[in-house]
Amino acid sequence: MTDTATAAPPVLQLQLRLLRAPSGVLLQDFALALPAGAIHTVMGPSGSGKSSLLAALCGTLEPGIRFEGQVGVDGMRVDAWPIQRRRIGLLLQDDLLFAHMTVRENLLFAVPAGPQAQRTQAVQLALDEVELLPWADADPATLSGGQRARAALARALLAQPRVLLLDEPFSKLDAPLRQRMRDLVWGAVRRRGLAAVLVTHDVADMADAQRLSMLGAPQA
């Protein structure tokens, strides 16, 4: 997973030999190599290892689940790095906004350390991108489901990830909002040159039919 003189490395590279839970093997011999702007969809039944795959990528596997393999981001191996250094963001079906903070404060919390003026400007731009400027100082509890989802997306992007992991982020939205959020997320991934891995049960969420993995039932 090193840079070469002829081509840039994939934004995300995964070589997974084994992912095992106490109940048995979840996944083995699975590989990904995603360039900038690529969105890979992972589907499969409950228990097939979808969410554990995302946890292996970002370093949040539960105790007792063993991962054997390598994770690379921009040509650097990161699987031995702490979570905060990997530059891998996560967007879930629950927005997990902090209830004691305004929308603006929630977003500011995610911005990396630096001059305050630059951090504040980054938040303003993010609020504008997700059409939440009028709600910058609102209590997150007063937002609609779609607004909360957009705030969570903005917060995830403000952390400046190179890889975005999405664990059924659209599942709690109604049909019109789902399509709007899909368009917003896929557009952000492509404009920023990120790599994204989406776990979903809904084939309509799939961004690229050429980048799809169907996981099977867990193996004994």
Side-chain angles (χ1 to χ4, degrees), residues 37 39-43 46 50-55 57-60 62 83-84 86-114 116 118-207:
I39 303 159
H40 191 96
T41 302
V42 179
M43 302 184 72
S46 297
K50 303 184 303 298
S51 293
S52 293
L53 172 63
L54 297 189
L57 288 168
C58 65
T60 59
E62 296 179 4
I83 300 166
Q84 63 273 18
R86 297 190 185 197
R87 297 193 69 187
I88 297 178
L90 185 62
L91 194 63
L92 306 171
Q93 56 182 291
D94 295 315
D95 55 72
L96 303 180
L97 297 174
F98 298 121
H100 65 288
M101 294 182 178
T102 65
V103 174
R104 187 195 308 276
E105 289 167 343
N106 264 278
L107 270 57
L108 188 60
F109 183 84
V111 183
Q116 185 63 29
Q118 291 182 14
R119 297 176 75 239
T120 299
Q121 183 182 30
V123 169
Q124 286 292 108
L125 292 173
L127 287 166
D128 186 44
E129 182 178 16
V130 298
E131 301 176 5
L132 285 178
L133 271 177
W135 294 273
D137 297 313
D139 180 338
T142 67
L143 301 183
S144 69
Q147 289 170 330
R148 292 177 65 93
R150 283 183 277 143
L153 171 62
R155 187 174 63 178
L157 294 174
L158 280 167
Q160 299 178 10
R162 291 293 294 131
V163 177
L164 190 60
L165 308 180
L166 304 117
D167 196 351
E168 301 193 60
F170 315 124
S171 62
K172 291 189 174 181
L173 304 175
D174 60 31
L177 282 175
R178 284 175 75 107
Q179 187 55 53
R180 187 178 181 195
M181 278 300 298
R182 290 182 192 120
D183 294 342
L184 189 61
V185 173
W186 304 154
V189 167
R190 289 164 176 151
R191 284 194 304 274
R192 288 168 168 78
L194 311 183
V197 180
L198 167 73
V199 161
T200 182
H201 286 97
D202 187 346
V203 69
D205 289 341
M206 183 171 52

Inset, instruction - Measure across G114 and R119 and return the closest heavy-atom pair with its distance rounded to 0.1 Å. - result: O-CD, 3.4 Å

Inset, instruction - Give the C-alpha distance, both sets of side-chain angles, the deciding distance and a yes or no for side-chain contact (heavy atoms from CB on, under 4.5 Å) between T142 and Q147. - result: CA-CA 9 Å; T142 67; Q147 289 170 330; over 6 Å; no

Inset, instruction - With rounding to the nearest 0.5 Å, note down the distance linking CG in L198 to CD in E168. - result: 8.5 Å

Inset, instruction - Could you tell me the separation between the CE atom of M101 and the CG atom of L107, rounded to the nearest 0.5 Å? - result: 11.0 Å

Legend entry - Reported CZ-to-CE distance for the pair R182 and M206, which is rounded to 0.5 angstrom: 10.5 Å

Inset, instruction - Kindly indicate whether the side chain of L127, heavy atoms from C-beta on, has any atom under 4.5 Å from the side chain of V103. - result: yes

Inset, instruction - Give a yes or no on this: more than 12 heavy atoms of other residues, nucleotides or ligands lie within 6.0 Å of atom CD of Q121. - result: no

Inset, instruction - Look at the side chain of R87 and the backbone N and O of V163, then say whether any donor-acceptor pair between them is shorter than 3.5 Å. - result: no

Inset, instruction - Give a yes or no on whether the backbone of F170 and the side-chain of R178 come within a donor-acceptor separation of less than 3.5 Å. - result: yes

Inset, instruction - Work out which heavy atom in M43 is nearest to a heavy atom in V203; give both atom names and the distance. - result: CE-N, 3.8 Å

Legend entry - Passing candidate, side-chain contact (heavy atoms from CB on, under 4.5 Å) with V197, options L166, I88, L164, V42: V42

Legend entry - Over 12 foreign heavy atoms within 6.0 Å of CD, Q116: yes

Inset, instruction - Taking the side chain as every heavy atom from C-beta outward, state whether L97 and R155 have any pair of such atoms under 4.5 Å apart. - result: yes

Inset, instruction - Answer yes or no: is there a donor N or O on one side and an acceptor on the other, between the side chain of R162 and the main chain of R86, under 3.5 Å? - result: no

Legend entry - Nearest heavy-atom neighbours spanning L158 and A122: CD2-O, 3.6 Å

Legend entry - CZ/F109: more than 12 non-hydrogen atoms of other groups inside 6.0 Å: no

Legend entry - Side-chain donor/acceptor of R150 to backbone N/O of V130, under 3.5 Å: yes

Inset, instruction - Apply side-chain hydrogen bond (donor to acceptor under 3.5 Å, both in side chains) to Q179 and D183, showing your working. - result: CA-CA 6 Å; Q179 187 55 53; D183 294 342; 2.9 Å; yes

Legend entry - Exercise: identify the closest heavy-atom pair between L165 and C58: CD1-CB, 3.8 Å

Inset, instruction - Would you give the length of the straight line joining atom CZ of R148 to atom CG of L173, rounded to the nearest 0.5 angstrom? - result: 11.5 Å

Inset, instruction - Can you spot which of R190, R191, R192 makes a side-chain contact (heavy atoms from CB on, under 4.5 Å) with L194? - result: R192

Legend entry - Straight-line distance of L184 CG to E131 CD, nearest 0.5 Å: 7.5 Å

Legend entry - Closest approach of P140 to F98 (non-hydrogen atoms, all atoms of both residues): CG-O, 3.7 Å

Inset, instruction - Inspect the contact between D167 and K50 and indicate whether a charged nitrogen and a carboxylate oxygen are less than 4.0 angstrom apart. - result: no

Inset, instruction - Find the distance between OG (S52) and CD (E62) and round it off to the nearest 0.5 Å. - result: 7.0 Å

Legend entry - Shortest non-hydrogen separation from A99 to D139 and the atoms involved: O-OD1, 4.1 Å

